[in-house]
Amino acid sequence: MKLFEYMGKDLFREHGIPLPEGRVATTPEEVQGAAAEIGPVVIKSQVLAGKRGKAGGISFADPPEEAREEAERILQMEIGGYPVECVLVESKIQIDREYYLSITIDGALRSPVVLASLEGGMDIEEVPEELIVKYPLDVSIGLKPFAAREICRRLGLKGTEAKEFGAILVKLYRLFCARDAELVEINPLVVSGDRLLAADAKVTIDDDALFRQKDLPVVEERTDLEKKANELGLAYVELEGDIAVMANGAGMAMATLDMIDYYGGKPANFLDAGGGAGVEQTARALELLLATEPRVIMINIFGGITRCDDVANAFATVKKEKGIDMPVVFRLVGTNEEEGRKILEETGVDAYPTMQESAQKAAELASS
Amino acid sequence: MKLFEYMGKDLFREHGIPLPEGRVATTPEEVQGAAAEIGPVVIKSQVLAGKRGKAGGISFADPPEEAREEAERILQMEIGGYPVECVLVESKIQIDREYYLSITIDGALRSPVVLASLEGGMDIEEVPEELIVKYPLDVSIGLKPFAAREICRRLGLKGTEAKEFGAILVKLYRLFCARDAELVEINPLVVSGDRLLAADAKVTIDDDALFRQKDLPVVEERTDLEKKANELGLAYVELEGDIAVMANGAGMAMATLDMIDYYGGKPANFLDAGGGAGVEQTARALELLLATEPRVIMINIFGGITRCDDVANAFATVKKEKGIDMPVVFRLVGTNEEEGRKILEETGVDAYPTMQESAQKAAELASS
Amino acid sequence: MAIFIDEKTRVMVQGITGNQGSFHTRQMLAYGTNIVAGVSPGKGGQEVEGVPVYDTAEAACEEQKPDASVLFVPAAFALDGALEALNAGMKVITPITEGIPVQDAAHLITNARTRGAVVVGPNTFGIVSSGKCKIGIMPNQFYVPGPVGVVARSGTLSYEIVANLKDAGYGTSTVVGLGGDRIVGLDFVDVLAQFEADGETELIVMVGEIGGTAEEEAARYIEKHVSKPVLAYLAGKSAPPGKRMGHAGAIIERGKGTFQAKVEALEAVGVKVAELPFQVPQLAKEILG
Amino acid sequence: MAIFIDEKTRVMVQGITGNQGSFHTRQMLAYGTNIVAGVSPGKGGQEVEGVPVYDTAEAACEEQKPDASVLFVPAAFALDGALEALNAGMKVITPITEGIPVQDAAHLITNARTRGAVVVGPNTFGIVSSGKCKIGIMPNQFYVPGPVGVVARSGTLSYEIVANLKDAGYGTSTVVGLGGDRIVGLDFVDVLAQFEADGETELIVMVGEIGGTAEEEAARYIEKHVSKPVLAYLAGKSAPPGKRMGHAGAIIERGKGTFQAKVEALEAVGVKVAELPFQVPQLAKEILG
């Protein structure tokens, strides 16, 4: 779950990471009031999209009346498809240098990793790799001051600046752990006189850990269908074609798309039914696919933790209760396969034994 | 640093460990007032000594007027050499069973260890070993719920009681870590109806970690001389005899006492000058010994991190500035021995090369 | 031989009294897995499919001496259960559970590594040494002994491929599910090293997918250390890019992780890459004859 | 041979620019220790006694490849420094520092153990393999090569005994300071095992003291695993009981730890116990001739 900048900064404040003075505002009047208190300000649109600056969503303003005007403009914007609902009004700070600092999870190293660079303020992917310090952390040790010293040494930071940078890094790791973050990013980390300030905050919380982060605000980024699917514990992705696909397992879902594509078909969407969905859940998933009104439905189940009889039962139930008008191509093998096939037969639907036959059939039906 | 029961319970409260309702009071009037609010109460003298109950320092009282009378008596007591300065007034709870629970450091295992027993309410040393569950903790894992379950299984606790016991244990370990404790003990942990309550609290904080536990109250248990010595970074112990001993290193100090004892002498005290005391510090230590007015002073230094020249210099300074009337037996070898001997010679004091010669001489001088 | 587990492996099932736990215990027993104990707090003393159930892993260990564990416990409790298994001395720990917080996985795997234990998963279908021991949720009928070692990132897709191989007459030595989470205990390289040393394995099949850099690292490793033939199928050629992690995550991978990059890396070191799953047996035939 | 360290050991000094650090660096160099690097944050680029100083342990390792470290850093920073050494790959870590919080020591030692590294101390005088390598603060002049292995709980008392041995004509193979804190990395058993296997050691001298159960455990180990002769001196026969830990601590030891209990345990397994330090060489003479 991505957090808005101002939410990330609330977490920064909670952990003692230094920030410019600021207020959240939802109306031009509030912005003007904040500017009157703060002095010269920067008004930052709060959206989850990147490149807010280029889109005109960040603006410096002084005096308060100008802040009000700018806020009026920004609060009406839509950036990267997201409407701006609020802005962060912050004290305009002197920027001497801009650094980059983040902690994220590195799957290959199986550990958190610190990324730091003296080249901040731009997209980190645009910074040459040799200008980025990448320092993996051992979770059994955590991020101790020695790691901060080593990172500063590699960056070439010295004296007070190194000390402040190190202190911020240690706090940032504490936040990362305490909040189950996948990513905490400060870009830019601004050198302003003799202080370091987090001018931006990007925080992404591990969705799987939200159950123990219940005091965080909820930020919803999914479409309604995705949300509905997620609530059923399933992954749903919308595509451009006309064949609705349900498969279990991400790899299997991808392979199913690949194969439909190979035979000239065009998937409309896909539902990864995941592992171990029961009858009820699978029925809801099917209803969700039906609602997208595809030309063909292809269901590709290779049962493991998912049981074929559960899927077949779910299908039978939905067919009986709601009726299914479009052709359905079923492929069903694995755990409790026999039972599943028997149930399907009773509904009058045959199951294909192989993926290629079913994919080919689905592609044919869709183009006929 | 040992904490008073009520301080320990403040930490328990901080960590969500369930307690009987209670107030600290320093006057009989306060006790009466507390009892009026709480109902039937137990009044517990707050001293660092054990066996308060046997000494009459714990008393049940109802109505409030009786609480006042009991408090009057208890607040005038002295228990184990400690005057009672305040009492804890707690709601009298129904006691169905009394358990024991503690976490401490086990030097042999090099880790924290949980001790738990269904036989609480008495001194744990009096509980037969086979009735105590001893469960070592791996600090790289900490105390996770699985350990609590295993401890409950070994104790034979089940159901809700096991769940509450486990929850208290997990919290107790959190307190243990967060507060740098050497010991956290709940004895008894009372089963009162369907609740578990910490009826007592014994918490000892690691003295070496007090630098990062600055928000804790300070409890002073040392004598003035010990305190003075500790402030100099030295360990000081008072004994019964007439030979003041200064040595460096705990083992060396003990061996010096053993040897004086062997030759018929009687140590008056000893100062472990520890490792790496400088000139200034050693001079202060010497003055401290002088102030105890012994018949003989024996100084036994085997220099390692302590340098012989530093000790000799300190001696020379004190001798010159304050004068030393009693005989001093010096033994000085190790790091910078030559320099040290030279300085000593200038003060007119010879150093013996061996411990036995010096110990023998000190014993002789004291008995002459 | 076989890798990681074999006919001597004594398996403990954590969460055995749950729906999934008891169902798959039955399946594993039917496969021939030597399940010696189950763990389910508060259910000690019961039996599931004839397997004695204990309240804690230590209790199970006292009486049954298991050396491998499989977890069917909810994500919120999985770290606790896995550490319990680790602490009780298990050498192979297989969390089937999906949705374990990534920092929990990092802690588990770091701890396991320092104890010389292997974590298969999390979010894995498990591991099976064909005809000897199955620890996981894969359907029994496809895992017959044979010369092909399979290592896969995704479950169902690997069942598909193993089934295709079986239909073509090729059994499997060991099939390892790495797990679908961002942090998992084993990567392709760890498993390739084992297969290279395994007397029963003549051909290695990698079932990969887009994202991450595991296949690229495997390619580097294969070049230097693997003498046995390797085949691969990679899913996701036509998949939409999907949701990306934040920038800092992307920088770690820097343009790696695409289908094309993986295919190129693997083909450059002599790995044959099948275009569709059912082509794997055809390529296997070319190699094994 | 010698144990733990020898003439090939490359030593790093953490806190080298401090008072104690620089003084003992000079002493260690004078003894012949191969000190290859010093670490002192913010002082990188300087030299102390000709030893190059680095800002961090990793920087020192990049250029000098040390494999053992000695710490002269204040107690509040000792855990950080020791973990830094561990993380940089040191295999022997020697925190001389007194007053390290006990939970810090537990973390350090647990971490070291999982990495196969040895912690000598904390609150130790160090370790010296006579004539080869001295890591610590013991006075140089007494440590000459010879057949006696010494393992001690306290510093100065062991200097005393080593000096007495030297005067009597007996040099030492390795002298190990276990450290005076409640939790230390090595105990008598660990070191006895090493001495038993060490070709240079013919006689083992234990310097113990009252408190704890380390000597009792050593006695049990000696009975089963040590064939070489063992001598002991134990301090504290006449010492006052001193301050005790709380009850829970006492229960762990349950009446063990007294002078008498230790002497009995050791004598029961054939260990000769000297009554006073200067008797150690006399007993050594009886054994070594």
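Naming: A, B, ... by sequence-line order, numbering from 1 per chain.
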As an exercise, state the distance from CG of D:D55 to NZ of A:K158, rounded to the nearest 0.5 Å. 6.5 Å

Just how far is it from atom CG of D:N87 to atom CG of A:L137, taken to the nearest 0.5 Å? 9.0 Å

Before accepting this row, confirm whether a basic side-chain N of the pair A:R149/D:E84 lies closer than 4.0 Å to the acidic partner's carboxylate O. yes

Got a sec: does the [atom1] of [X] have more than 12 other heavy atoms crowding it under 6.0 Å?
| X | atom1 | result |
| --- | --- | --- |
| D:K91 | NZ | yes |
| D:F77 | CZ | no |
| A:D62 | CG | yes |
| A:K171 | NZ | yes |
| D:R115 | CZ | yes |

Could you have a look at D:G42, D:P41, D:A59 and say which one has the most heavy-atom pairs with chain A under 4.5 angstrom? D:A59

What part of D:D80 lies closer than 4.5 angstrom to a heavy atom of chain A: side chain, backbone, both or neither? both

D:Q14 versus chain A, heavy atoms under 4.5 Å apart: side chain, backbone, both or neither? neither

Least distance between heavy atoms, A:R153 atom then D:E58 atom: NH2-C, 4.3 Å

Would you say the side chain of A:S140 lies within less than 4.5 Å of the side chain of D:N111, judging by non-hydrogen atoms? yes

Less than 4.5 Å apart, any side-chain heavy atom of D:T56 and any of A:F146? no

Let me know if A:K144 has heavy atoms under 4.5 Å from chain D in its side chain, its backbone, both or neither. both

